[in-house]
Protein chains: 2
Amino acid sequence: MIEVVAPTTVAFASANTVAEVAAAIGDPVRAAMLMALMDGRARTAGELAVLGGITAQTASGHLARMVEAGLVVAEKQGRHRYVRLVDPAVAAALESLMAVAAIAPPRHRPTGPSDAALREARTCWDHLAGRLGVALADALARDGRVVLADGAALVTDVGEAFFCDFGVDLGRPPAASRRPLCRACLDWSERRPHLGGRLGAALLDRFLELGWLVPGPRDRALRLTPPGRSGFAESFGVEVSRAPT
Amino acid sequence: MIEVVAPTTVAFASANTVAEVAAAIGDPVRAAMLMALMDGRARTAGELAVLGGITAQTASGHLARMVEAGLVVAEKQGRHRYVRLVDPAVAAALESLMAVAAIAPPRHRPTGPSDAALREARTCWDHLAGRLGVALADALARDGRVVLADGAALVTDVGEAFFCDFGVDLGRPPAASRRPLCRACLDWSERRPHLGGRLGAALLDRFLELGWLVPGPRDRALRLTPPGRSGFAESFGVEVSRAPT
DNA sequence: GCGATGTTTCGGCCGGGACCGAAGCGTCGC
DNA sequence: GCGACGCTTCGGTCCCGGCCGAAACATCGC
């Protein structure tokens, strides 16, 4: 008795959809558009066109394809069409692709002008990433305010008091005493975890509120202000060198 | 004074490499190959060719492209060429793409033959995923053995004793008392977290050792054995229905 | 050495898709 | 209503890349 195996590709039905999603990301222009949308804000089709360096009609085609693939949603407002990522899961997928791209090729990686700023400090959906984000996570772990391990993170009791003092609202008091309300998010540029989850979002909100960081105009880069520099040093023990190597 | 902005796409230098990586995944055949490699084991080029339903020479081209993109590595052993994922980060990226693909299109998603088995129970790099994996995580959380929140997970004291009794070795005793040694991994088919990290890997090892689960021959699907069925019910309170809807 | 087997390279075919110019449609401001 | 503006559709060009057959190369068993 011979077992007959169908010769054609039937092993993974979902592979097709994965391929569709990946192919929808797998174009330089579309990838740039998606990365510009990673902060969760919506952009108009025209903004994305100039960002990609293409004409409006070509951008329209790209956007249609990304809508089709379920990556972005578009809604009309007047004569503009606002486009945003359909779900934080899309941003997470992009981050993980960036992580793969960062480890993969020691080949020519032409670090562009704003690339340095992105590596320094940027938003990752709703929280802080980049060198500053990783340094902050390290400092909080060093001081026993959070515990990082195995891609997960956890707020300690002493950390909870500290964050409360710092003015971040962590929502409802923990029902279970040891609830990890923050998520360790792998940083694509640093290859080390930074803090995400509710805590990461609340911290970034607070930093923006305090004026320690100001968002960049057209990308996800964040600029550290002078009060931010001293604030991070005093409150968190994070010294930010002026220019990294 | 007018600020001149370069019209071409310079906003994100890393966008190109992200696009390269995504494009390397964005082909049905390559995606199927990568998903077959997600268990971390290596396959020969020929195996991947028949899996993709293509000829050897076409598969060779696909593999060359994936090597170029830094997704897989290949090493020769005799007249075979073994291919494996270059890093667990690649598997993580594929999982996150699957998550996006799962939420995105309510369109035609032709669930293939082995797709049902994959949804039921499969390996996710080195731990258990699928309906069974999610149910296990739920049961452990319900019984207070782990705490799940915000994409992170944490073993409780009572859980630590339980896992020790169950025969899984969690490695060195925790230096910090509240170390989260497991990771909550978002399940693409269930859209709910399952247990990864060291704990997830140790549990899967133990299940295989006990013969509760047996690995599928050619894909990542896992088959639940009769002792497994009763074992999951008795030890974890997880009842596995025979055929899900 | 010689054939069998696994894998790659070469050459050619062909379709998809990225791009733009021109034109069409809807919306805003006057 | 009319032009300006934002966006999409249509038509056409062009090139990338997926596919295979044939052949070359490497390795194993004899």
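Proteins come first, then strands; the chains are lettered A, B, ... in the order of their sequence lines, and each starts at number 1.
Here D:dC7 presents its P atom at 12 Å from CD of A:Gln77, a figure rounded to the nearest Å. At whole-Å resolution of the value, CZ in B:Arg79 and P in D:dC25 are 18 Å apart. Between B:Ile54 atom CD1 and C:dT8 atom C1' there is a gap of 14 Å when expressed in whole angstrom units. Distance NE2 (A:His80) to P (D:dA4): 17 Å, rounded to an integer number of Å. Nucleotide D:dC16 holds its P atom 15 Å from the CD atom of B:Glu20, rounded to whole Å. A:Met33 has its CE atom 13 Å from the C1' atom of C:dC19, to the nearest Å. One interatomic measurement links the two molecules: CE of B:Met66 to C1' of D:dG18, which rounds to 13 Å at whole-angstrom precision. For B:Glu75 and C:dG6, the CD to P distance is 19 Å, given to the nearest whole Å.
With C:dC19, D:dG18, D:dT8 as the choices, the nucleotide that has an atom nearest any side-chain atom of A:Ser60 turns out to be D:dT8. Taking the side chain of A:Gln57 as heavy atoms from C-beta on, and the options C:dT7, D:dC19, C:dA22, the nearest nucleotide is C:dA22. When distances are taken from the side chain of B:Ala56 to each of C:dT7, C:dG21, D:dC7, the shortest belongs to C:dT7. Distance from the side chain of A:Ala45 is smallest for D:dT8 among the nucleotides D:dT8, C:dT9, D:dA26.
Distances shorter than 4.0 Å separate none of the side-chain N or O atoms of B:Thr58 from OP1 or OP2 on D:dC19. Between A:Arg81 and the phosphate of C:dT27, there is no side-chain N or O to OP1/OP2 separation shorter than 4.0 Å. Proximity of A:Arg30 to the phosphate of C:dA18: a side-chain N or O atom is located under 4.0 Å from OP1 or OP2. Taking only side-chain nitrogens and oxygens, B:His62 never comes nearer than 4.0 Å to OP1 or OP2 of D:dG17.
Ring geometry, B:Phe207 versus B:Trp212: the interplanar angle falls under 30°, so the pair is classed parallel (tilted spans 30 to 60°).
With hydrogens and angles disregarded, a donor-acceptor distance shorter than 3.5 Å links the side chain of B:Arg43 to the backbone of B:Ala36. Between the A:Thr44 side chain and the A:Tyr82 main chain, no donor and acceptor come within less than 3.5 Å of each other.
Looking at which nucleotide of DNA chain C each of A:Gly78 and A:Thr55 is closest to, the 5′-most match is held by A:Thr55.
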Exercise for the section: Might you work through the side-chain contact (heavy atoms from CB on, under 4.5 Å) test for B:Arg84 and B:Arg41, ending with a clear yes or no? Expected result: CA-CA 6 Å; B:Arg84 59 179 168 79; B:Arg41 288 183 295 186; over 6 Å; no
Practice task
Go through B:Thr123 and B:His127 one step at a time and tell me if the side-chain contact (heavy atoms from CB on, under 4.5 Å) criterion holds.
Solution key: CA-CA 5 Å; B:Thr123 57; B:His127 55 268; over 6 Å; no
